[in-house]
Amino acid sequence: MKSAILENGKVSIINIEKPALTNPGAIIKVLACGLCGSDIVKIRHNTKNPDKKVILGHEVVGEIVEINTNAVGNSYYKDNKEPFKAGDIVTLGHHYPCMECDFCKSGHHSMCETFKSVNISPAGFSEYIYVAKGHLENTVFKLKNSLNIENATFMEPLSCCIRAIRQAGYNYKDDNPPHNCLTIGLGSIGLLMSLGLKAYNINTFGLDINPERQTFAEKYGIKFDQNLRYDTIFMTSGSYKAIDTALKYIKDGGKIVVFSSVGGDFGYKNNEIYYRELTVLGSYSPAPVDLALSFELLSQGIIDLSGISTFYTLDNLPQAVNDTMLNRVFKACVKL
């Protein structure tokens, strides 16, 4: 079968053996896989640190073609009863936690050793992947009739945003404080963060130095008000220059949620945090509950991302990577 490999900073499509179902889990035929910003970071980093084992692609939608376990999936409303079966069209997350360690019990699931050690195999940009029983129980969701494949590819990245919103102290369908929240960086993940905040009924604003992205976000009701000082700022920009922008627009006593890496050794100024009583916190990857809520928000049409993806074939993944790096497309997605 065809699969993507990252070697010396270059993405290539090679032929490898189809994964075999030798352990409890399932084989999934990939139908589509979104190209994540973290994939781009891996590719850029790999140029200096070659590693043939880098996994590319995790925003997967596919069809279960083999399964050897009666696993029942995760559900936000706890209404799942039927186990997965061959023929189910599913979307999935690529890491699952043990739910037993101190990290999991304290809500830091992405710090769990199990979470860090598991992944789909061999990579989302493949014709077929293997997922373990733990994936099926925690991170795999059977598509409902109303959810199309394009929207379903956003389940995992949206869940990362849901996690960040929860980290900031907001709760879905609860009476959240009347806060003004700003997302800095309006690429695909910044748009998802903003739409997640709107789903939480929070006053949502967004800022990007690229005027085209700013205009695009306005189609979703996301604008910027330079006269406001914001209660919470979500940092989805990969530029260290956005740090000063956040410090300029954060309200005294506010929160800054770091949701992206930046090049170089840059950080937040100690005295700004101290004298202004700011909270700076990080948010990395989702817990199973975040995946489940993300799936429901997409399934119910509360968040709709139809039409924002540009589709490529698997053979054209290198072109998708290049177009993304050059900002020629808003969101690239491989469709098999």
Side-chain angles (χ1 to χ4, degrees), residues 1-7 10-36 38-39 42-43 46 50-74 82-98 112-143 149 152-153 155-157 159 285-286 288 291 295 311-318 320-321 332-336:
M1 71 169 191
K2 293 180 180 179
S3 182
I5 185 173
L6 174 62
E7 187 173 16
K10 182 180 178 181
V11 178
S12 302
I13 308 301
I14 61 173
N15 285 306
I16 62 172
E17 290 290 328
K18 176 185 172 184
L21 191 57
T22 56
N23 294 310
I27 302 298
I28 294 176
K29 179 181 180 181
V30 177
L31 301 177
C33 183
L35 179 63
C36 179
S38 66
D39 292 318
K42 290 177 183 178
I43 293 166
N46 186 258
D51 183 353
K52 293 183 180 180
K53 296 182 180 179
V54 173
I55 290 178
L56 288 179
H58 55 265
E59 300 174 356
V60 174
V61 177
E63 178 185 355
I64 295 176
V65 292
E66 297 179 58
I67 189 167
N68 63 2
T69 178
N70 289 323
V72 175
N74 180 14
E82 297 297 323
F84 292 107
K85 64 183 185 303
D88 285 345
I89 307 299
V90 297
T91 183
L92 57 96
H94 52 310
H95 301 296
Y96 62 86
C98 72
C112 165
E113 289 302 319
T114 298
F115 185 98
K116 293 178 179 181
S117 66
V118 299
N119 211 318
I120 57 178
S121 177
F125 294 121
S126 303
E127 291 184 290
Y128 295 89
I129 59 172
Y130 165 75
V131 297
K133 183 180 180 182
H135 286 109
L136 293 168
E137 292 172 336
N138 293 283
T139 76
V140 179
F141 300 84
K142 180 180 176 180
L143 265 62
I149 287 177
T153 61
M155 190 278 295
E156 191 278 337
S159 71
S285 277
L291 289 159
F295 178 71
F311 291 99
Y312 298 79
T313 64
L314 182 56
D315 287 332
N316 285 331
L317 175 60
V321 170
C333 182
V334 166
K335 203 167 186 179
L336 288 84

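The first residue of the sequence shown is numbered 1, and numbering continues consecutively from there.
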Residue pairs passing the salt bridge (charged side-chain N to carboxylate O under 4.0 Å, His left out) test where at least one lies in residues 87-97, sequence neighbours excluded: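 Checked against salt bridge (charged side-chain N to carboxylate O under 4.0 Å, His left out) - neighbours excluded - the pairs reaching residues 87-97 are K85-D88, D88-K142.
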
Side chain to side chain contact (heavy atoms under 4.5 Å, CB included) between M1 and I16, worked out: CA-CA 5 Å; M1 71 169 191; I16 62 172; 3.8 Å; yes

Between [atom1] on residue [X] and [atom2] on residue [Y], distance to nearest 0.5 Å:
X	Y	atom1	atom2	answer
D315	I13	CG	CD1	6.5 Å
S12	E7	OG	CD	7.0 Å
K10	I5	NZ	CD1	11.5 Å
M155	L291	CE	CG	5.0 Å
F84	N70	CZ	CG	12.0 Å
K116	S285	NZ	OG	10.5 Å

If you look at every heavy atom in [X] and [Y], which pair is closest and at what distance?
X	Y	value
S38	H58	OG-CE1, 3.3 Å
S159	P286	OG-CG, 3.2 Å
I67	I64	CB-CG2, 4.0 Å
I120	G124	CD1-N, 3.7 Å
V11	L317	CG1-CD2, 3.8 Å
A332	Y312	CB-CE1, 3.8 Å

Indicate yes or no for a side-chain donor-acceptor contact from [X] to the backbone of [Y] under 3.5 Å, with no hydrogens or angles considered.
X	Y	result
T91	V60	yes
E127	K2	yes
H95	F115	yes
N68	N23	yes
D39	L56	no

Heavy atoms from other residues, nucleotides or ligands near NZ of K18 exceed 12 (cutoff 6.0 Å):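 Above 12, so yes.
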
For F125, ring pair (Phe, Tyr, Trp, His ring centres under 6.0 Å) partners two or more places apart: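 F125 satisfies ring pair (Phe, Tyr, Trp, His ring centres under 6.0 Å) with no residue once adjacent residues are dropped.
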
Aromatic plane relationship, Y96 with H135 - under 30° parallel, 30 to 60° tilted, over 60° perpendicular: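 Plane angle over 60°, so perpendicular.
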
I43 side chain reached by L6 side chain, heavy atoms, under 4.5 Å: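 Heavy-atom side-chain distance check passes, below 4.5 Å.
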
From CA spacing to verdict: side chain to side chain contact (heavy atoms under 4.5 Å, CB included), V61, I89: CA-CA 7 Å; V61 177; I89 307 299; 4.2 Å; yes

